[in-house]
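What's counted below: heavy atoms across the whole structure, side chains too, no hydrogens, waters or symmetry copies.
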Amino acid sequence: LFLQSTPATSIPTVQVQGQQINLQPPSYTAASQHAEQMKKPGQNFMCLWQSCKKWFQTPSQVFYHAATEHGGKDVYPGQCLWEGCEPFQRQRFSFITHLQDKHCSRDALLAGLKQDEHGQAGNQKPSNK
């Protein structure tokens, strides 16, 4: 398996057994991917939207994923459904800013994972020191 990029195309392609495959972002699919995505090495950040639980390598990847897959024009439910967030009604633009500030910073994502691990038994609120 090797990556091949040609200057003429903007979408990277991969050659697998002689077949070219475009590496385009996956199109939005219904909740058929219900199982928690397997964590790969180097993926330390999880999308904590409702029942998403997909793993990513960087906070910016989580933000891009959440903004497009959960906050996209056709899919955004009108409120933030991130675990532990108050489900206030928000305009999409306001939500994207909220997502970046409150949920997709490195610290917020790491804190959210710790809560996810330890918060299963009881729903304790984090202390704001």
Side-chain angles (χ1 to χ4, degrees):
L1 177 79
F2 62 93
L3 281 176
Q4 166 187 326
S5 65
T6 51
T9 60
S10 60
I11 298 167
T13 58
V14 179
Q15 193 126 5
V16 181
Q17 296 170 347
Q19 290 183 329
Q20 295 252 154
I21 299 170
N22 285 339
L23 294 177
Q24 284 178 294
S27 57
Y28 182 77
T29 53
S32 59
Q33 298 146 339
H34 214 51
E36 190 168 314
Q37 179 183 311
M38 291 303 293
K39 182 180 178 183
K40 296 184 183 77
Q43 292 185 323
N44 300 313
F45 302 97
M46 185 194 280
C47 175
L48 294 174
W49 185 269
Q50 212 158 264
S51 55
C52 183
K53 305 281 197 225
K54 284 188 177 153
W55 288 97
F56 297 89
Q57 289 184 330
T58 65
S60 59
Q61 287 175 339
V62 179
F63 172 67
Y64 177 80
H65 156 81
T68 56
E69 296 296 308
H70 307 307
K73 191 171 70 215
D74 301 325
V75 293
Y76 176 56
Q79 59 194 28
C80 181
L81 299 178
W82 200 267
E83 271 182 27
C85 189
E86 296 290 323
F88 297 122
Q89 290 296 314
R90 282 186 178 88
Q91 295 298 317
R92 224 180 114 244
F93 179 76
S94 170
F95 163 70
I96 299 296
T97 308
H98 162 83
L99 188 65
Q100 192 166 30
D101 293 346
K102 297 283 185 270
H103 301 307
C104 293
S105 72
R106 184 182 175 84
D107 291 345
L109 287 165
L110 292 173
L113 276 183
K114 286 197 183 82
Q115 269 190 304
D116 200 43
E117 285 169 12
H118 306 302
Q120 298 294 352
N123 219 351
Q124 54 292 63
K125 283 195 190 271
S127 59
N128 290 337
K129 289 181 183 161

Engineer: With a 4.5 Å heavy-atom cut-off, do Asn44 and Gln57 have their side chains touching?
Structural biologist: no

Engineer: Rounded to the nearest 0.5 Å, what separation is found between the CD atom of Gln50 and the NE2 atom of His70?
Structural biologist: 9.0 Å

Engineer: Less than 4.5 Å apart, any side-chain heavy atom of Cys80 and any of His103?
Structural biologist: yes

Engineer: Go through it in stages, so that I can follow the logic: the residues are Glu86 and Lys102, the test is salt bridge (charged side-chain N to carboxylate O under 4.0 Å, His left out), and I'd like the CA-CA distance, side-chain angles, deciding distance and then a yes or no.
Structural biologist: CA-CA 12 Å; Glu86 296 290 323; Lys102 297 283 185 270; over 6 Å; no

Engineer: Can you tell me how far apart CZ (Phe56) and NZ (Lys39) are? Round to the nearest 0.5 Å.
Structural biologist: 13.5 Å

Engineer: Which residue, Phe95, Trp49, Phe93, forms the ring-ring contact (aromatic ring centres under 6.0 Å, His included) with Tyr76?
Structural biologist: Phe95

Engineer: Do Gln61 and Lys54 come within less than 4.5 Å of each other through their side chains, counting heavy atoms only?
Structural biologist: no

Engineer: Identify the two heavy atoms, one from Ala67 and one from Ile96, that lie closest to each other, and give their separation to 0.1 Å.
Structural biologist: CB-CD1, 3.9 Å

Engineer: A quick test of your reading: do over 12 heavy atoms of other residues, nucleotides or ligands sit less than 6.0 Å from CZ of Arg106?
Structural biologist: no

Engineer: Are Leu113 and Leu99 connected into the same hydrophobic cluster when the rule is that any two of I, L, V, M, F, W, Y join if their side-chain heavy atoms are below 4.5 Å apart?
Structural biologist: yes

Engineer: Find out whether Glu69 and Cys52 are in side-chain contact, i.e. whether some heavy atom of one side chain is under 4.5 Å from a heavy atom of the other.
Structural biologist: no

Engineer: To the nearest 0.5 Å, how far apart are CZ in Phe88 and OG in Ser94?
Structural biologist: 11.0 Å

Engineer: Report yes or no: do Leu110 and Trp82 belong to one cluster of Ile/Leu/Val/Met/Phe/Trp/Tyr joined by side chain heavy-atom distances under 4.5 Å?
Structural biologist: yes

Engineer: Between Gln79 and Gln89, does any side-chain donor sit less than 3.5 Å from a side-chain acceptor?
Structural biologist: yes

Engineer: State, yes or no, whether a side-chain contact exists between Met46 and Trp55 at a heavy-atom distance under 4.5 Å.
Structural biologist: yes

Engineer: Indicate the atoms forming the closest heavy-atom contact of Val62 with Phe45, along with that distance.
Structural biologist: CG2-CB, 3.7 Å

